[in-house]
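Heads up: the structure comes next, in structure tokens.
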Amino acid sequence: MTTHLNAQWIVGFVDGQGCFNLDVHHKADMKWKLQIQPEFTVVQNEVDIQVLHAFKDSFQCGSVGVNRRDKHGTQYHYRVKNVKDLTEKIIPFFDKHSLKTKKKIEYIRFRRICLLMKEGYHRESLHNFLEIYDLGDSLRVRSREKRMTPRALAIAEIIRDLRAQQSSFL
């Protein structure tokens, strides 16, 4: 059975539970050793997984999968990472149905990233790539302490090297 959610319900739910993010991964085979990928995500506990499937049905894109397992149970995510789906389905929806909280500011920043990436802006130069990275780093309105995991430390080191490389070209 296909479930389509009410637009204003989606807006309210995303205002509270949604996330607009720029995911960054170390990829040795990439031009600048990093992959940047915008993603729209909603996370729920297993008991409410049907909501995530309803998001997928409503937007006709994305995937539902395991987010994490811990002592409190399993969390699942609805996630859209494909730039085409983001720019043709997710962004037009939130352009038409405006978010109401600080999430709107995050969405506007996320929207800019997606539209630039759709045009291949991040591939044109190191400067542009770092600009997109910085936009992603500024997505959150409310700052939160960044955990310096081994992955985060490795990415930070690559970014430092890229900034040094960029400075040598100026």
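As the structure is a computational prediction, the values presented were derived from the model and not from experiment.
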Q | Derivation of the side chain to side chain contact (heavy atoms under 4.5 Å, CB included) call for Q75 and E46 | A | CA-CA 6 Å; Q75 286 190 336; E46 186 172 18; over 6 Å; no

Q) Would a hydrophobic clustering, with Ile, Leu, Val, Met, Phe, Trp and Tyr connected at side-chain separations under 4.5 Å, put I108 with Y133? A) yes

(Q) Quick check: closest heavy atoms across S98 and K104, and the distance to 0.1 Å? (A) OG-NZ, 3.1 Å

Q) Looking at CZ of R79 and CD of E39, how far apart are the two atoms once the value is rounded to the nearest 0.5 Å? A) 4.5 Å

Q. What's the shortest heavy-atom distance between V83 and M117, and which atoms?
A. CG1-C, 4.4 Å

(Q) Looking at every heavy atom in both L5 and S58, which two are closest together, and how far apart are they? (A) N-OG, 2.8 Å

Q: Kindly determine whether I36 and D23 satisfy side chain to side chain contact (heavy atoms under 4.5 Å, CB included), including the steps that lead there.
A: CA-CA 6 Å; I36 53 177; D23 204 13; over 6 Å; no

Q: Classify the ring geometry between F20 and F110 as parallel (under 30°), tilted (30 to 60°) or perpendicular (over 60°).
A: tilted

Q) Are E157 and I159 side-chain neighbours, meaning at least one heavy-atom pair lies under 4.5 Å? A) no

Q: May I ask you to check whether over 12 heavy atoms, not counting those of K81, lie within 6.0 Å of atom NZ?
A: yes

Q: Show your reasoning for whether side chain to side chain contact (heavy atoms under 4.5 Å, CB included) applies to L135 and R112.
A: CA-CA 9 Å; L135 285 169; R112 182 166 178 230; 3.3 Å; yes

Q | Check against ring pair (Phe, Tyr, Trp, His ring centres under 6.0 Å), F55 and F13 | A | CA-CA 10 Å; F55 267 90; F13 202 87; 5.7 Å; yes

Q. Is atom NZ of K100 surrounded by more than 12 heavy atoms (other residues, nucleotides or ligands) closer than 6.0 Å?
A. yes

Q: Kindly assign one of parallel, tilted or perpendicular to the pair F94 and Y107, based on the angle between their ring planes and the thresholds 30° and 60°.
A: tilted

Q: Please report the closest heavy-atom contact between V80 and C61, naming both atoms and the distance.
A: CG2-SG, 3.9 Å

Q) Out of curiosity, does F40 fall in the hydrophobic cluster containing F93 (side-chain heavy atoms, cut-off under 4.5 Å, transitive links)? A) yes

Q: Would you give the length of the straight line joining atom CZ of R69 to atom OH of Y76, rounded to the nearest 0.5 angstrom?
A: 5.5 Å

Q) CG/L86 to CD1/I91 distance, rounded to the nearest 0.5 angstrom? A) 6.0 Å

Q: Determine whether V66 and I49 fall in the same hydrophobic cluster, where Ile, Leu, Val, Met, Phe, Trp and Tyr are linked whenever their side-chain heavy atoms lie under 4.5 Å apart.
A: yes

(Q) How long is the straight-line distance from CZ of R163 back to CG of L126, given to the nearest 0.5 Å? (A) 9.0 Å

Q) With no hydrogens and no angle check, do the side chains of Q166 and H127 hold a donor and an acceptor under 3.5 Å apart? A) yes

Q) Do D95 and R111 meet the salt-bridge criterion of a basic N to acidic O distance under 4.0 Å? A) yes

Q: Decide whether V47 and Y78 are clustered together by the hydrophobic rule: side chain heavy atoms of Ile, Leu, Val, Met, Phe, Trp, Tyr closer than 4.5 Å, transitively.
A: no

Q: Applying side chain to side chain contact (heavy atoms under 4.5 Å, CB included), run through T41 and N21 and close with a yes or a no.
A: CA-CA 8 Å; T41 307; N21 187 40; 5.8 Å; no

(Q) Could you measure the distance from the CG atom of L116 to the CD1 atom of I132? Nearest 0.5 Å is fine. (A) 4.5 Å

(Q) Just checking K56: does its NZ atom have more than 12 heavy atoms from other residues, nucleotides or ligands closer to it than 6.0 angstrom? (A) no

Q.
Using side-chain heavy atoms (C-beta onward) and a distance below 4.5 Å, is K89 in contact with Q60?
A. yes

Q.
For Q44 versus L52, what's the shortest heavy-atom pair and its separation?
A. CG-CD2, 3.9 Å

Q.
Tell me whether D85 is salt-bridged to K118, with the criterion being a basic N under 4.0 Å from an acidic carboxylate O.
A. no

Q: Flag the pair L139 / I113 as yes when at least one side-chain heavy-atom distance between them is below 4.5 Å, and no otherwise.
A: yes

Q: Measure the spacing between CG of L99 and CD1 of I10 and express it to the nearest 0.5 Å.
A: 11.0 Å

(Q) I need the minimum non-hydrogen distance between I155 and V24, along with the two atoms involved. (A) CD1-O, 3.3 Å

Q. Any ion pair linking D137 and R109 (charged N to carboxylate O, less than 4.0 Å)?
A. no

Q) Would Y121 and F129 count as a close aromatic pair, with their ring centres under 6.0 Å? A) no

Q) In terms of hydrophobic clustering (I, L, V, M, F, W, Y; side-chain heavy atoms under 4.5 Å; direct or indirect links), are L130 and M30 co-clustered? A) no

